[in-house]
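These numbers come from a predicted model, not from an experiment. Order of appearance sets the numbers: ligands from 1, and atoms from 1 within every ligand.
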Amino acid sequence: FFRPVADVPGTPTSQRRRLTKVSVIGAGNVGMAIAQTILTRDMADEIALVDALPDKLRGEMLDLQHAAAFLPRVRLVSDTDMAVTRGSDLAIVTAGARQIPGETRLNLLQRNVALFRKIVPPLAEHSPEALLLIVSNPVDVLTYVAWKLSGFPASRVIGSGTNLDSSRFRFLLAEHLQVNAQDVQAYMVGEHGDSSVAIWSSMSVAGMPLLKSLRESHQSFDEEALEGIRRAVVGCAYEVISLKGYTSWAIGYSVASLAASLLRDQHRIQPVSILASGFHGIPDDHQVFLSLPARLGRAGVLGVAEMELTEEEVRRLRRSAKTLWENCQLLDL
Ligand code: 6V0
């Protein structure tokens with residue numbers, strides 16, 4: 001098709017850029033929202049999709065491939081065999097039984113642990129240097145399961161955790177204050193879901209401590225109002241699930257933003273599920289994964305921000321850690 005140009009040397013091997021490969025395990029609503037966001041943000045040279053349902057998987061791959069004329073050039077591959085993930089830089093696991101309306105995330109646990117036994121060991125074998133990013137629920141316990149089953153160092157096993165909860169938190173505060181959510185600094189930490197902890201003491205807007213300003217301007221931000229907002233953040237997921245059956249877009253953007261921080265070595269601080277033993281009085285021998293603001297880069301978790309928490313926040317965080325650790329201990333790993 002093209003005539004070769006004889007006197008132009010090819011790129012020397014030493015100058016060739018290493019291609020970036022991302023695998024998404026589970027091509028359901030969440031997996032596909034993540035894949036398409038990563039695709040449109042031009043973060044990967046190759047995306048591998050894996051699912052247990054071959055027809056659905058091929059359909060999803062073709063549907064994305066047909067958008068090639070409008071997107072960055074990305075090689076899209078798919079297979080039910082985990083070998084297609086070989087050489088991944090980042091492997092994102094979303095495969096799992098979906099949360100049924102009203103079902104707590106912890107109820108999903110046993111079903112998903114059995115699934116992880118089939119997925120994580122081959123994934124680790126095919127990509128021994130990869131970063132693992134776990135999204136399937138209950139995400140904190142399953143991140144612990146993935147850590148155990150992969151044999152990877154904890155710095156390379158990360159759960160999407162409360163990155164999404166924090167985005168919902170910032171959205172609700174931003175709506176209340178009529179500002180842009182990107183100008184609201186606010187974290188939810190601990191367990192993703194029901195026992196997540198809102199860190200009221202560190203909330204700020206444009207660098208101004210929010211709680212102090214609200215109290216000084218006599219706005220009704222008492223303990224009850226604050227707990228109401230926290231409950232609204234937790235309730236968000238249940239509301240979306242009861243309305244449309246699942247959540248997908250927000251988790252898609254949330255995980256794509258984590259993927260960018262990791263693959264592009266951005267050193268951003270985002271609340272994700274990490275091995276939290278020893279932080280905020282969580283006992284060293286409780287190998288529990290829960291969300292704390294972590295500095296993320298190409299090597300995975302580079303550090304954890306030592307936030308100053310109130311006594312009440314620490315108490316809630318430890319309670320979250322205790323529940324999660326009790327769940328982890330029920331598992332035979
Ligand atoms: P879904 O649409 O049912 O997709 C799950 C996919 O996994 C399906 O396509 C299955 O075929 C596939 N699957 C099942 N077994 C295997 C296997 N052995 N190998 C490969 N693929 C397999 O569910 P949805 O996409 O809505 O949710 C996926 C998971 O994400 C669930 O556990 C959710 O609870 C969880 N979420 C986590 C969030 C978070 O913030 N961490 C947010 C939203 C959903």
Side-chain angles (χ1 to χ4, degrees), residues 23-37 48-61 63 78-85 91-123 126 132-146 149 158-169 188 190-194 196 233-234 236-259 270-273 289-291:
S23 291
V24 180
I25 324 304
N29 299 300
V30 171
M32 290 317 296
I34 293 170
Q36 86 92 27
T37 313
L49 302 172
V50 179
D51 200 280
L53 305 173
D55 288 352
K56 176 182 157 56
L57 179 63
R58 187 165 160 72
E60 290 290 8
M61 182 192 69
D63 202 6
S78 72
D79 209 304
T80 53
D81 190 324
M82 207 62 80
V84 75
T85 64
I92 302 169
V93 183
T94 77
R98 197 192 302 162
Q99 203 169 359
I100 302 161
E103 184 183 28
T104 67
R105 291 188 177 90
L106 292 178
N107 280 350
L108 277 172
L109 181 56
Q110 289 302 350
R111 284 197 283 157
N112 279 337
V113 170
L115 203 72
F116 268 44
R117 284 189 191 282
K118 286 194 239 163
I119 292 173
V120 175
L123 198 53
H126 290 301
L132 280 186
L133 180 50
I134 309 303
V135 183
S136 316
N137 274 320
V139 68
D140 302 291
V141 183
L142 288 176
T143 306
Y144 166 83
V145 172
L149 294 175
I158 300 161
S160 65
T162 56
N163 195 44
L164 173 58
D165 312 49
S166 299
S167 167
R168 288 174 174 146
F169 188 30
M188 293 197 83
E191 185 206 354
H192 163 62
D194 303 352
S196 55
V233 174
V234 172
C236 274
Y238 292 106
E239 186 185 6
V240 177
I241 291 170
S242 76
L243 292 169
K244 67 175 245 190
Y246 54 88
T247 64
S248 60
W249 302 123
I251 184 67
Y253 280 102
S254 158
V255 172
S257 126
L258 296 176
Q270 289 176 286
V272 285
S273 198
F289 278 70
L290 50 71
S291 289

*Asks:* Side chain, backbone, both or neither: which part of T80 has a heavy atom under 4.0 Å from ligand 1?
*Replies:*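 For T80, there is no contact with ligand 1 at all, from either part.
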*Asks:* Look at atom 34 (O) of ligand 1 and find which of N137, L57, D165, V139 reaches it with the closest heavy atom.
*Replies:*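 Nearest heavy atom to atom 34 (O) of ligand 1 lies in N137.
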*Asks:* Compute the shortest N/O to N/O distance between K118 and ligand 1 and return yes if it is under 3.5 Å, no if not.
*Replies:*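 N/O-N/O distance under 3.5 Å: no.
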*Asks:* Can you figure out which of V240, T94, N163 has its heavy atom closest to atom 29 (C) of ligand 1?
*Replies:*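 Among V240, T94, N163, the closest heavy atom to atom 29 (C) of ligand 1 comes from T94.
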*Asks:* Report the part of L164 (side chain from C-beta onward, or backbone N, CA, C, O) that has a heavy atom under 4.0 Å from ligand 1; answer both or neither where that applies.
*Replies:*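 It is the side chain that touches ligand 1; the backbone stays farther off.
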*Asks:* Ligand 1 versus V30, non-hydrogen atoms closer than 4.0 Å: side chain, backbone, both, neither?
*Replies:*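 The answer is both, backbone and side chain.
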*Asks:* Which bit of A52 is near ligand 1, meaning a heavy atom under 4.0 Å away: side chain, backbone, both or neither?
*Replies:*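 Looking at A52 and ligand 1, atoms from backbone and side chain both fall under 4.0 Å.
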*Asks:* Do V135 and ligand 1 have an N or O pair less than 3.5 Å apart?
*Replies:*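 It does: an N or O of V135 is found under 3.5 Å from an N or O of ligand 1.
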*Asks:* Are more than 12 heavy atoms, taken from residues, nucleotides or ligands other than K118, located less than 6.0 Å from that residue's NZ atom?
*Replies:*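 Open.
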*Asks:* At a 4.0 Å threshold, what atoms of ligand 1 neighbour a non-hydrogen atom of N29?
*Replies:*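 Per the distance check, 2 (O), 25 (O), 26 (O).
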*Asks:* Is S136 close to ligand 1, meaning an N/O of one under 3.5 Å from an N/O of the other?
*Replies:*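 In this structure, S136 places no N or O atom under 3.5 Å from an N or O of ligand 1.
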*Asks:* Determine the minimum heavy-atom distance between S254 and N163, stating which atoms define it.
*Replies:*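 Scanning both residues completely, I find the closest heavy atoms to be OG-ND2, 3.1 Å.
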*Asks:* For atom 12 (C) of ligand 1, which candidate among L142, L115, I241, D51 provides the closest heavy atom?
*Replies:*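 Nearest option to atom 12 (C) of ligand 1, by heavy atoms: D51.
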*Asks:* If you count the atoms of ligand 1 from 1 in the order shown, which ones are under 4.0 Å from a heavy atom of L53?
*Replies:*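 Atoms satisfying the 4.0 Å criterion: 11 (O).
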*Asks:* May I ask you to list the atoms of ligand 1 that are less than 4.0 angstrom from any heavy atom of K56?
*Replies:*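 Counting from 1, the qualifying ligand atoms are 9 (O).
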*Asks:* Within a distance under 4.0 Å of any heavy atom of S160, pick out the atoms of ligand 1 and give their elements.
*Replies:*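 Taking each heavy atom of S160 in turn, ligand 1 has 39 (C), 41 (N) under 4.0 Å.
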*Asks:* Stepwise, does the side-chain hydrogen bond (donor to acceptor under 3.5 Å, both in side chains) test hold for Q270 with S257?
*Replies:* CA-CA 9 Å; Q270 289 176 286; S257 126; 2.7 Å; yes
*Asks:* side-chain hydrogen bond (donor to acceptor under 3.5 Å, both in side chains), that's the test. Do D140 and H192 meet it? Break it down for me.
*Replies:* CA-CA 7 Å; D140 302 291; H192 163 62; over 6 Å; no
*Asks:* Any nitrogen or oxygen of Y246 lying under 3.5 Å from a nitrogen or oxygen in ligand 1? Just yes or no.
*Replies:*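 N/O-N/O distance below 3.5 Å does not exist for this pair.
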*Asks:* What is the minimum heavy-atom distance between T162 and P271, and which atoms define it?
*Replies:*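 Answer, listing the atom of T162 first, then P271: OG1-CB, 3.5 Å.
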